[in-house]
**Student:** 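Let me begin by handing over the structure; questions about it come next.
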Amino acid sequence: ETGVTQTPRHLVMGMTNKKSLKCEQHLGHNAMYWYKQSAKKPLELMFVYSLEERVENNSVPSRFSPECPNSSHLFLHLHTLQPEDSALYLCASSQWSGQGHRDTQYFGPGTRLTVL
Amino acid sequence: TQLLEQSPQFLSIQEGENLTVYCNSSSVFSSLQWYRQEPGEGPVLLVTVVTGGEVKKLKRLTFQFGDARKDSSLHITAAQPGDTGLYLCAGAFDYKLSFGAGTTVTVRA
């Protein structure tokens, strides 16, 4: 199984639906991240988990709810989304060394989300 | 939030030509990373530069980190169609990465 996997790869949902994105890393890392990538905009860091504790929540609306049950799995629960939430959602993992700037992040292929 | 500006936004060249992509910021970063992202995939790390003035070479790709650690460049020599993709720079500040919006490079055969 390759490094970081994400499911589903594509998701179309209505504004009243509830869905979840899943990320799994097979690299033995202890930190995981959710990013949002919109067209022509920089990747936006949404959440960071280190050792299964959330260490970053970048003013993300409450309609996005992360969950990290263990160091290998990360979920993003979605509810009552807006059309402007349509984007590529990327998961990444790294080995938290304490020298953050040297920690290489490995990305999954992303989930392409469309909100109707 | 540390902002990184990449230029140009789009670059289309003929196979065999050279190209340079720039990444600039007003912030000083602990390190700077370059990624390449292909359609339908996540970014893949190409290189990390840490020391001001550092130059790293990866086959036909040359990466340079500015002396003040605020800017970087990526130079590709004799570009090939396989170099086509979105090139992203990311500056590391503590454990966070701040990304540029990317440069879309198209190499025509």
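All of these numbers come straight from a predicted model, not from anything done at the bench. Below, chain A is the first sequence line, B the second, and so on; all start at residue 1.
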**Student:** Take atom CZ in Phe75(A); do more than 12 heavy atoms of anything else shown fall under 6.0 Å from it?
**Tutor:** yes

**Student:** In this structure, would Phe29(B) and Leu46(B) fall into the same cluster of hydrophobic residues linked by side-chain contacts under 4.5 Å?
**Tutor:**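 Result: yes, single cluster for both.
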
**Student:** Given heavy-atom pairs under 4.5 angstrom as the criterion, report whether the side chain, backbone, both or neither of Tyr35(A) touches chain B.
**Tutor:** side chain

**Student:** As an exercise, state the distance from CZ of Phe107(A) to CD of Gln37(B), rounded to the nearest 0.5 Å.
**Tutor:**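 So the CZ of Phe107(A) and the CD of Gln37(B) are separated by 8.5 Å.
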
**Student:** Quick check: is Ile13(B) connected to Leu61(B) through a chain of hydrophobic side chains (ILVMFWY, heavy atoms under 4.5 Å apart)?
**Tutor:** yes

**Student:** Are Gln33(B) and Gln105(A) close enough that a side-chain donor and a side-chain acceptor fall under 3.5 Å?
**Tutor:** no

**Student:** Quick check: is Tyr106(A) connected to Leu74(A) through a chain of hydrophobic side chains (ILVMFWY, heavy atoms under 4.5 Å apart)?
**Tutor:**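 No; tracing contacts between hydrophobic side chains, which count when under 4.5 Å, never links both residues.
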
**Student:** Within this structure, what is the OH-CG distance for the pair Tyr33(A) and Leu97(B), rounded to the nearest 0.5 Å?
**Tutor:**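 One gets 7.5 Å once the value is rounded to the nearest 0.5 Å.
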
**Student:** Quick check for you: to the nearest 0.5 Å, what is the distance between Glu44(A) atom CD and Phe99(B) atom CZ?
**Tutor:** 12.0 Å

**Student:** Which residue out of Gln6(A), Arg9(A), Gln37(A) racks up the most heavy-atom pairs below 4.5 Å with chain B?
**Tutor:**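 Heavy-atom pair counts peak at Gln37(A).
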
**Student:** Heavy-atom cut-off 4.5 Å, strictly under: side chain, backbone, both or neither for Gln9(B) against chain A?
**Tutor:**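 Only the side chain of Gln9(B) comes within 4.5 Å of chain A.
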
**Student:** Between side-chain atoms of residues 74-83 of chain B and protein atoms elsewhere (two or more places apart, or another chain), which donor-acceptor pairs fall under 3.5 Å?
**Tutor:**
from     : atom 1 : to       : atom 2 : distance (Å)
His75(B) : ND1    : Leu19(B) : O      : 3.2
His75(B) : ND1    : Thr20(B) : OG1    : 2.7
Asp83(B) : OD1    : Arg60(B) : NH2    : 3.0
Asp83(B) : OD2    : Arg60(B) : NH1    : 2.9
Asp83(B) : OD2    : Arg60(B) : NH2    : 3.1
Asp83(B) : OD2    : Gln80(B) : N      : 2.8

**Student:** Hey, any chance Val44(B) and Val105(B) share a hydrophobic cluster, counting ILVMFWY side chains that come within less than 4.5 Å of each other, even indirectly?
**Tutor:** no

**Student:** Below 4.5 Å from any heavy atom of chain A, which atoms of Leu32(B) appear? Answer side chain, backbone, both or neither.
**Tutor:** neither

**Student:** Between atom OH of Tyr35(B) and atom OG1 of Thr104(A), what is the distance when rounded to the nearest 0.5 Å?
**Tutor:**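 Output value for this atom pair is 6.5 Å.
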
**Student:** Mind ranking Gly91(B), Gly100(B), Ala90(B) by heavy-atom pairs under 4.5 Å with chain A and telling me who comes out on top?
**Tutor:** Gly100(B)

**Student:** Listed by residue number, which members of residues 79-90 of chain A have a heavy atom under 4.5 Å from any heavy atom of chain B?
**Tutor:** Leu88(A), Leu90(A)

**Student:** Counting only non-hydrogen atoms closer than 4.5 Å, can you tell me which residues of residues 12-25 of chain A sit against chain B?
**Tutor:** none

**Student:** Would a single hydrophobic cluster contain both Trp34(B) and Leu11(B), if residues Ile, Leu, Val, Met, Phe, Trp and Tyr are joined by side-chain heavy-atom contacts under 4.5 Å?
**Tutor:** yes

**Student:** With chain B as the partner chain, list the residues of residues 108-116 of chain A whose heavy atoms fall under 4.5 Å from it, by residue number, and write 'none' if nothing qualifies.
**Tutor:**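 At a heavy-atom separation under 4.5 Å, chain B is reached by Gly108(A), Pro109(A).
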
